[in-house]
Each structure stands twice: as structure tokens, then as C-alpha cells.
Amino acid sequence: MTTDEIGSRAARYGRTSASNSTGNTPSNGGKKPKKKRIFLKIFLGLVLLGVLGLLAGLGLFWSYAKDAPKLEDEKLSATVSSKLYDANNEVFEELGAEKREMIKPTDVPQLLKDAVVSVEDKRFYKHSGVDPIRILGSAFSNFKTGGLQGGSTLTQQLIKLSYFSTKEKDQNLKRKAQEAWLAIQLEKEKSKEEILTYYINKVYMANGLYGMETAAQSYYGKPLAELTLPQTALLAGMPQAPNDYDPYVKPDVAKERRDVVLYTMKENDKITQKEYEDAKATPIDEGLQPLKQSNENRKVVDNYIKEVIAEVESLGKNPYTDGLDIHTNLDMNAQKRLYDIINSDTYVDYPDADFQVASTVIDVKTGQVKAQIGGRNIPDDVQLGSNLAIETDRDVGSTMKPIADYGPAIENLNYSTGRIMMDQPTTYEGTNIPVTNADMQYYGALTMRKAIMYSRNTTAIQTFDAVGSDKSADFLKDLGIEFKDLVAANAISSNTSDLGGNKYGVSSLKLAAAYAAFANMGVYNKPYYVSKVVYQDGSEDVTETESKRAMKDSTAYMMTDMLKDVISGGTAFNAGVPGLIQAGKTGTANYTEDDLAKIGASASSSIAPDSTFVGYTPHYAVSVWTGYKQRLTPIPYEYWGTASDVYREMMTYLSEGVSTDDWVMPDSVIRSGSELYVKGAYEEQLLPSNSGYESSSSWENPVSSDPGTTSSSTVPSQTEPSVSQSSEAPATSTQQTEPSSSITPPEVTPPSSDPPEESSTPPVVQNNSARRRPSPD
């Protein structure tokens with residue numbers, strides 16, 4: 001390489017360095033401008049996408065908004081009530097049709113304005129119908145907490161109440177777009193004061209009341225302008241969930257909501273700290289007046305209406321705002337008679353005014369609930385209150401035996417009505433816990449028919465063990481009854497430690513529906529209140545009867561045949577109606593030893609917390625529970641038969657002019673003498689027995705009340721228990737005769753008595769049932 005070449009390269013290097021120092025030529029070969037160009041293209045692309053997205057969004061918004069309904073004053077001010085029809089197509093209630101007290105914008109108290117705006121839309125006077133700040137704030141809050149806080153303004157809420165469904169599932173994009181569009185249009189046409197007044201006059205306020213002025217007059221007996229701060233705050237907070245914030249039904253929840261309103265008013269500088277504290281300390285019921293019934297029928301049908309509303313809401317509809325024609329299964333005449341029987345002394349003698357009764361009447365062919373009363377002597381100011389007829393927290397006692405023990409035994413083991421059972425000292429399987437009878441006696445050998453007729457506990461437990469808890473649970477489930485854990489104690493009691501919100505256990509409603517399956521030859525119909533819902537557009541939802549075969553017709557017929565004897569000569573002889581063919585079962589619960597100690601009663605006291613009767617004809621099933629709301633208030637012995645008294649009076653009415661049909665024995669059943677057998681199992685049950693059964697002359701019976709007494713001592717001329725010996729028998733005078741005084745041996749040699757199947761798990765008796773006194777049933 002020459003010296004000139006070296007110099008030339010050096011010169012070129014120097015020029016390059018100089019260029020770099022002045023910034024004219026990049027040292028990275030031009031890569032930096034290239035990156036800038038890429039970033040610029042990405043940015044411009046995102047902007048373009050954003051613009052396109054915005055245009056698409058606006059186009060979609062407009063496509064939805066252009067189909068929005070027109071603003072009308074009538075829509076903004078009107079409420080849409082729903083009509084309830086009985087089975088004869090007569091209107092018996094109109095939800096939301098109460099007389100409304102309208103208020104003018106100039107008459108709205110400032111205190112109410114401050115309360116409503118503070119809790120619902122504190123930027124109400126600043127936005128134009130839609131509040132982007134509120135929307136972004138609620139979106140951020142929902143993202144942060146996982147909640148569902150809404151971003152609707154008061155104006156949007158008014159539009160929603162006037163034009164759209166309030167159900168969450170209906171809040172789709174199209175609806176939200178139309179709601180926002182109409183809110184913006186409304187803000188252009190009406191002043192803020194007018195919009196706020198529309199809202200105050202329109203909102204639902206529970207108990208069939210619309211508008212805050214109406215609520216003020218009904219709840220406090222004075223206009224809005226005269227309400228105190230805590231009273232105003234209560235009303236302002238109710239519209240979001242009126243039934244939940246009802247001070248008559250849920251005072252604790254109502255107070256929480258009222259206090260939230262007061263807090264927002266304080267935070268919005270509408271009240272002082274002292275005003276807030278004083279109002280918060282005010283009792284929620286201060287100034288509340290008794291509610292007046294909407295019409296004379298309301299008190300009679302209130303419990304029924306509550307269940308109708310619940311059934312309609314399960315369809316996703318709001319009976320207070322959707323303007324529905326709701327056709328129900330209610331037999332108004334039957335409902336009135338049931339109400340009169342329970343709420344007067346004309347038909348039945350009650351111990352006192354606090355004594356409670358719950359009853360359900362079901363059409364056995366359809367499952368339609370024809371009448372229902374969920375309480376006695378309900379105060380006038382209670383609407384949609386507690387319905388004891390659907391509650392499962394009380395014990396139906398021995399009415400469990402046909403559905404948990406004997407029915408499953410016929411169904412799964414082909415037991416005959418003449419099967420010989422041993423009423424003898426028994427324990428819960430796998431334990432040493434004794435099972436005793438109400439009279440602390442044992443009758444030795446007797447047929448299943450007699451065991452049911454006299455409601456023996458020992459034979460029920462033995463039968464439950466033989467069937468097995470799994471098969472018993474399956475049988476019950478097919479009848480609409482479930483227990484989270486079915487245990488041996490449920491053979492004679494419906495007590496359970498887990499109610500699951502009335503999912504588990506037995507209520508008057510469930511009991512009537514279950515026994516209706518016996519009456520319907522084994523076909524179970526799910527009970528229901530609403531037959532049809534007609535919408536404003538003329539479309540309708542018709543309720544179809546949900547039917548299924550729950551048991552063989554042989555099981556149903558044989559069970560019915562035995563339950564006839566319970567009324568004709570057993571523990572329910574006072575339920576009999578002359579000339580009427582019917583069947584039924586009594587059920588009387590008991591107290592634990594701990595309960596008796598709290599009550600201050602001895603173990604020999606003739607008291608009970610619950611007494612139940614369920615009976616049926618080929619047409620109707622009627623269940624009746626009796627007791628006190630406070631379980632530790634006992635039913636005296638002489639009123640244990642009140643449940644069957646109520647049943648008798650109601651069934652007498654229901655059977656007027658109705659044919660007294662008997663059930664027709666199916667081909668699957670064979671009668672031998674007075675007993676019934678499942679066809680196909682009959683010949684097997686005629687084989688010689690190894691059960692140790694002897695003739696009636698040598699039947700044994702202990703008369704000692706000692707639970708440890710065995711049946712080894714022979715007594716001459718064994719007799720059946722008289723009705724007066726059974727603590728389940730009502731102590732009332734009737735025209736019925738007492739049962740025969742001697743047990744008659746079965747017509748055929750009884751089948752062999754195989755040892756019962758071992759239960760996989762020992763029974764864990766719930767609710768201290770292990771230490772329960774023997775059930776009076």
C-alpha cells in the first residue's frame with residue numbers, strides 16, 4: 001500500500017468523523033430514521049383503527065338508537081300493573097294498581113332531592129343524560145372489585161323504568177344504546193326538575209305502592225314535605241330493591257340502606273355530621289303506620305300471591321312493571337273457606353290466638369295448588385310476609401312413615417299389607433340408641449297394616465333398615481322431597497340439620513304433593529301456582545304439568561288401602577267425613593330432653609312442638625301443619641288433633657257435590673282376604689314361614705313402660721291398643737267408633753322374615769334426635 005493510499009483513507013476517515021460530529025450523517029448507517037418511521041406507521045395505524053372503531057361504534061349505536069321508541073309523557077308518568085286471575089278467570093288482585101299520589105316539580109322537598117341525587121346520581125345536575133365520568137368510574141370499580149356497579153344516571157333509570165325491562169339479562173348492548181339515546185333526548189326536552197319529579201312519582205316502593213308521595217302517605221300518614229330526615233332517606237333508598245328494603249318485612253336491611261343514603265348525603269355536603277349521626281341512630285320503624293289492605297280479598301290470598309310472584313319472577317319477568325295477565329290455579333271459594341276455617345272459631349276450636357296453622361290444597365290429577373294459607377291471625381299491616389306452608393323447618397313426624405319406610409318397602413321389597421312385623425325393643429342400626437313408641441309399650445307381632453294404623457315407631461325403623469337409606473332417598477326424591485343426608489331418624493321425623501333454603505326437608509306444600517301421588521296411582525305432579533302468563537304483545541307462556549311415575553300403581557294402591565284404616569279406626573279417626581272415601585296419616589313431633597329442660601316439663605308430659613295431618617281423596621290432597629312460631633311453646637295433648645280437625649272441615653267443603661269415587665284395584669295387586677299382595681310376589685309369600693310367628697293365643701306383649709323391657713313375658717288375651725292409649729289420637733269427641741279390641745291373624749301364613757340388610761353407615765340422628773323422646777306418632 002502506498003503512502004498516498006494511506007493518506008487518502010485517513011482523509012476519508014476524518015471526513016466521516018467530522019460529519020458525525022456535526023450530525024449530518026448518522027453513524028448507524030441510517031437505522032434510527034427507519035425505526036422512527038416504523039413507530040410512526042404503527043401510531044398512525046392505531047389512530048386509524050381507533051377512528052374506524054369509533055365510526056363503527058357510532059354506526060352501530062345509531063343503528064340501535066334509530067329504532068328506539070318515541071318519548072311520550074304518558075309513558076314517563078304511567079305505571080304498568082299486572083292482573084292476577086283465579087281459576088274461574090276472575091281478577092282477584094292487580095299488582096301496582098294502588099291509588100297514586102302525584103307530586104308536582106314545585107312541590108318536591110329539597111331534602112328529598114338531596115337524598116335521591118346523593119345516593120343515585122350526584123352529578124345529576126352536571127351531565128346531559130349520560131355521564132361518561134360515572135360510566136368510567138363504575139367500569140374501573142367493577143374491574144377492581146369484580147362487582148357489577150352500574151353507570152346509569154337518574155335520567156337513564158327513568159327511561160329504563162318507562163320503556164324497558166329491568167332484568168339484568170335484558171341489559172344488552174342494543175337496550176343500553178337506546179336507553180342512552182332516549183336519556184339524551186329527554187334532557188333536551190325536559191328540565192332537571194321535571195325529570196327528577198317523573199322519577200319520584202314513578203318508582204316502585206314495595207307493598208304495591210308506586211311513587212314516593214304514595215309511600216309517604218301509606219307508610220307515615222303524611223306528605224313528603226313533612227317527613228323527617230331519616231324517613232326521607234329510607235324512601236330515597238328503596239327504589240333500587242323495593243322488596244329487599246321494605247321496612248315492614250326486612251327492617252334490618254332497610255336500615256342498612258337508609259344509613260347508606262344518609263352517608264352519601266353527608267359526603268355530598270347536604271347534611272352535617274351531627275344530622276347524620278342523629279338520623280342514623282333513629283329506629284327504622286319510627287313513625288311507620290300499619291299498612292291498609294288493598295282490598296278485602298288481599299288478606300285472604302296474600303300467601304298465595306307471594307308464591308305466584310315468585311313463580312312469575314322465576315320466568316325472568318317482573319309482575320310489578322311488565323304489565324302481565326297472570327292466570328293462576330287459585331280456587332277462590334276454596335281459598336276463602338280455608339281462610340275462614342283457620343282464622344275463625346266457627347269450624348275448629350283453637351287453644352289461643354297465637355296458635356298457628358299452615359295448609360295446602362292440591363288437585364291430585366294435575367298438581368295445581370288450589371288453595372293455601374301460610375299462617376293464622378296475620379296482622380293487617382303484613383303483606384307478602386312469611387308463608388309457613390312452604391317452610392321446611394318444622395317436623396311432620398310420622399307422616400314420613402308411608403313415604404320413607406312402608407312405601408319404599410312395597411316398591412322395592414314387595415312387602416304385602418299383611419306382612420308380619422315385630423313391635424319389640426329396637427335400636428337404631430349400628431348403635432345402642434333405643435327406638436321406643438309413644439306409649440312406651442310394644443305389641444309384639446302385628447301386620448304392616450296395623451303397624452301403620454297405630455303408627456308404631458319400632459316397625460317403621462325396622463322397615464327403613466330393610467329398605468336401605470339409598471332406596472328410601474330415591475323414593476322420596478321422586479316425590480319431590482330431599483334431604484342432604486337422609487338418616488335413620490328420618491324414618492319417623494322430617495328434622496334435618498340442613499334446610500338448604502327449604503330445598504331439604506318437608507313442608508305442607510311438599511307433603512300434600514307427595515301424598516297426592518298415592519292418590520294418583522303413583523304418578524307425581526310437581527305442584528305449581530301459575531297456569532299461564534300473557535304478555536303485553538299477546539304472547540304467552542303456558543305452564544305444563546310436570547308429571548312422572550314416582551312408584552308402581554301397586555305401591556300406591558296398597559299404601560292407600562292401609563291409610564284408609566288410619567282414618568276409619570286408627571290415630572286419625574276424627575278426620576273422618578261420613579260417606580267420603582279417603583286416606584291419610586297423622587304426624588306428631590316431640591321435644592328432646594334438652595328442650596324439655598328449657599320448657600320446664602318432665603319426660604312424661606303430654607306436649608308436642610308440631611302436629612300434622614295429610615289426607616286425600618281421588619280428587620284432592622290436603623295437608624295441615626299446626627304449632628306455634630316459637631317451637632318451645634308446646635301444643636297441649638288435647639289439641640294434637642287440631643290438624644285433622646282442620647283437614648276434616650276443609651275436605652268436607654271440597655267434597656260437596658263431588659262424586660265419592662273409590663280407587664280401582666290395579667291388575668298388579670292381588671287381594672287375599674283383607675290383605676293385599678303384589679302380583680308375582682304373592683305365591684312366594686304364601687310359603688311356610690320361619691319367622692317364629694305363632695297363633696294369636698300366644699302373642700306376647702310387655703306392658704311395662706321401661707324401654708328395656710322385652711316381649712318375652714306372655715300376657716293372656718293380647719289386645720290391640722285402644723285409641724286412647726295412642727298419644728297420637730286426638731282427644732276430641734267424634735261420632736267415629738274406636739278400633740277393634742283384638743288383633744286378627746292374617747288371612748294367610750305370613751312370609752318369612754329375612755334379616756334386614758346391613759346399612760353401610762350407622763344412622764347419625766340429626767338435631768339431637770338420638771336423645772329424643774319417642775315420637776308420639
Side-chain angles (χ1 to χ4, degrees), residues 362 364-367 399-419 421 447-449 451-452 459-460 463-482 486 491 510-527 545-566 581-585 614-619 621 661-686 748 750-751 754 756-757:
I362 285 181
V364 302
K365 299 295 183 184
T366 64
T399 60
M400 288 295 295
K401 293 173 183 175
I403 55 179
D405 313 327
Y406 299 116
I410 300 172
E411 181 78 4
N412 295 284
L413 304 178
N414 289 326
Y415 274 21
S416 71
T417 63
R419 183 180 179 88
M421 298 181 167
T447 62
M448 182 165 71
R449 181 185 296 276
I452 293 173
T459 58
T463 304
F464 179 89
D465 291 341
V467 171
S469 60
D470 289 346
K471 286 188 173 69
S472 177
D474 289 343
F475 192 87
L476 286 168
K477 189 172 183 179
D478 284 340
L479 295 175
I481 294 173
E482 292 184 71
L486 185 71
K510 291 183 180 182
L511 193 62
Y515 273 70
F518 289 140
N520 199 27
M521 297 302 289
V523 175
Y524 171 80
N525 295 308
K526 182 179 179 180
T545 300
E546 295 184 33
S547 299
K548 67 177 178 180
R549 179 156 290 283
M551 68 190 84
K552 303 169 190 173
D553 57 1
S554 53
T555 302
Y557 184 82
M558 291 168 67
M559 199 71 246
T560 293
D561 197 67
M562 292 185 288
L563 291 176
K564 287 179 181 179
D565 292 350
V566 174
I581 298 170
Q582 55 180 339
K585 184 70 185 76
V614 56
Y616 56 91
T617 68
H619 305 284
D661 304 329
D662 197 355
W663 290 270
V664 178
M665 188 173 75
D667 293 338
S668 56
V669 175
I670 293 176
R671 182 180 295 277
S672 178
S674 61
E675 303 300 350
L676 302 175
Y677 297 81
V678 178
K679 190 174 183 179
Y682 174 66
E683 292 79 6
E684 177 185 342
Q685 295 185 34
L686 291 179
V748 296
D754 296 326
E757 253 180 60

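Here the structure is a predicted model, which is why all the values come from computation and not from measurement.
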**OP:** Could you tell me whether a side-chain N or O of Lys365 sits under 3.5 Å from a main-chain N or O of Asn520, the two making a donor and an acceptor?
**Re:** no

Subject >> Gap between atom OG1 of Thr417 and atom CG of Leu676 - 0.5 Å precision >> reply: 4.5 Å

**OP:** Would you indicate whether the side-chain heavy atoms of Met559 and Pro402 approach each other to under 4.5 Å?
**Re:** yes

Original post:
Can you name the residues that form a side-chain hydrogen bond (donor to acceptor under 3.5 Å, both in side chains) with Asp667, not counting sequence neighbours?
Top reply: none

Original post:
Between Ser554 (side chain) and Ser668 (backbone), is there a donor-acceptor pair under 3.5 Å?
Top reply: no

Original post:
Does the side chain to side chain contact (heavy atoms under 4.5 Å, CB included) test come out yes or no for Asp478 and Tyr524, once each step is laid out?
Top reply: CA-CA 7 Å; Asp478 284 340; Tyr524 171 80; over 6 Å; no

**OP:** Could you tell me the separation between the CE atom of Met551 and the CE atom of Met521, rounded to the nearest 0.5 Å?
**Re:** 10.5 Å

Subject >> Residues in salt bridge (charged side-chain N to carboxylate O under 4.0 Å, His left out) contact with Asp474, at least two apart in sequence or another chain >> reply: none

Original post:
Looking only at side chains, do Asn525 and Thr545 share a donor and an acceptor under 3.5 Å apart?
Top reply: no

Original post:
Looking at side-chain heavy atoms only, is the closest gap between Glu482 and Leu476 below 4.5 Å?
Top reply: no

Original post:
How far apart are the C-alpha atoms of Ile452 and Leu563, what are their side-chain angles, what is the distance that settles it, and do they pass the side chain to side chain contact (heavy atoms under 4.5 Å, CB included) test?
Top reply: CA-CA 7 Å; Ile452 293 173; Leu563 291 176; 3.9 Å; yes

Subject >> Lys564: partners by salt bridge (charged side-chain N to carboxylate O under 4.0 Å, His left out), with sequence neighbours left out >> reply: Asp662

Original post:
Can you name the side-chain hydrogen bond (donor to acceptor under 3.5 Å, both in side chains) partners of Tyr515, sequence neighbours left out?
Top reply: none

**OP:** For residues Met558 and Ser416, report the shortest heavy-atom separation together with the two atoms involved.
**Re:** CE-CA, 3.8 Å

Original post:
Considering all heavy atoms of both residues, which atom of Ala519 and which atom of Val364 are nearest to each other, and what is their separation?
Top reply: CB-CG1, 3.8 Å

**OP:** Start with the C-alpha distance between Ile670 and Met665, add both sets of side-chain angles, then the distance that settles side chain to side chain contact (heavy atoms under 4.5 Å, CB included), and finish with yes or no.
**Re:** CA-CA 9 Å; Ile670 293 176; Met665 188 173 75; over 6 Å; no

**OP:** Examine distances only and state if a side-chain atom of Thr560 and a backbone atom of Ala556 form a donor-acceptor pair shorter than 3.5 Å.
**Re:** yes

Original post:
Do Met421 and Tyr415 have side chains that get closer than 4.5 Å, going by heavy atoms?
Top reply: yes

**OP:** Would you give the length of the straight line joining atom CG of Asn412 to atom NZ of Lys552, rounded to the nearest 0.5 angstrom?
**Re:** 7.0 Å

**OP:** Please report the closest heavy-atom contact between Leu486 and Ala473, naming both atoms and the distance.
**Re:** CD2-N, 3.5 Å

Original post:
Under 3.5 Å, is there a donor-acceptor pair between the side chain of Ser472 and the main chain of Gly468?
Top reply: no

Original post:
Does NZ belonging to Lys526 count more than 12 external heavy atoms closer than 6.0 Å?
Top reply: no

Original post:
What pairs with Asp561 under salt bridge (charged side-chain N to carboxylate O under 4.0 Å, His left out), at least two apart in sequence or on another chain?
Top reply: Arg449, Arg671

Original post:
Would the Trp663 and Phe518 ring centres measure less than 6.0 Å apart?
Top reply: no

Original post:
Should Glu411 and Val467 be marked as a side chain to side chain contact (heavy atoms under 4.5 Å, CB included) after you check the CA-CA gap, both sets of side-chain angles, and the distance that decides it?
Top reply: CA-CA 9 Å; Glu411 181 78 4; Val467 171; over 6 Å; no

Original post:
Is the closest side-chain heavy-atom distance between Leu511 and Thr399 below 4.5 Å?
Top reply: yes

**OP:** Identify the two heavy atoms, one from Ala514 and one from Ile481, that lie closest to each other, and give their separation to 0.1 Å.
**Re:** CB-CD1, 4.0 Å

Original post:
Looking only at heavy atoms, what is the nearest atom pair of Thr555 and Gly407, with distance?
Top reply: CG2-O, 3.4 Å

Subject >> Smallest separation among heavy atoms of Ile362 and Ala516, with atom names >> reply: CG2-CB, 4.5 Å

**OP:** Could you check if a side-chain atom of Tyr406 sits within less than 4.5 angstrom of a side-chain atom of Thr459, using non-hydrogen atoms only?
**Re:** yes

Original post:
Taking only residues two or more places apart in sequence, or in another chain, which ones meet Thr366 in a side-chain hydrogen bond (donor to acceptor under 3.5 Å, both in side chains)?
Top reply: none

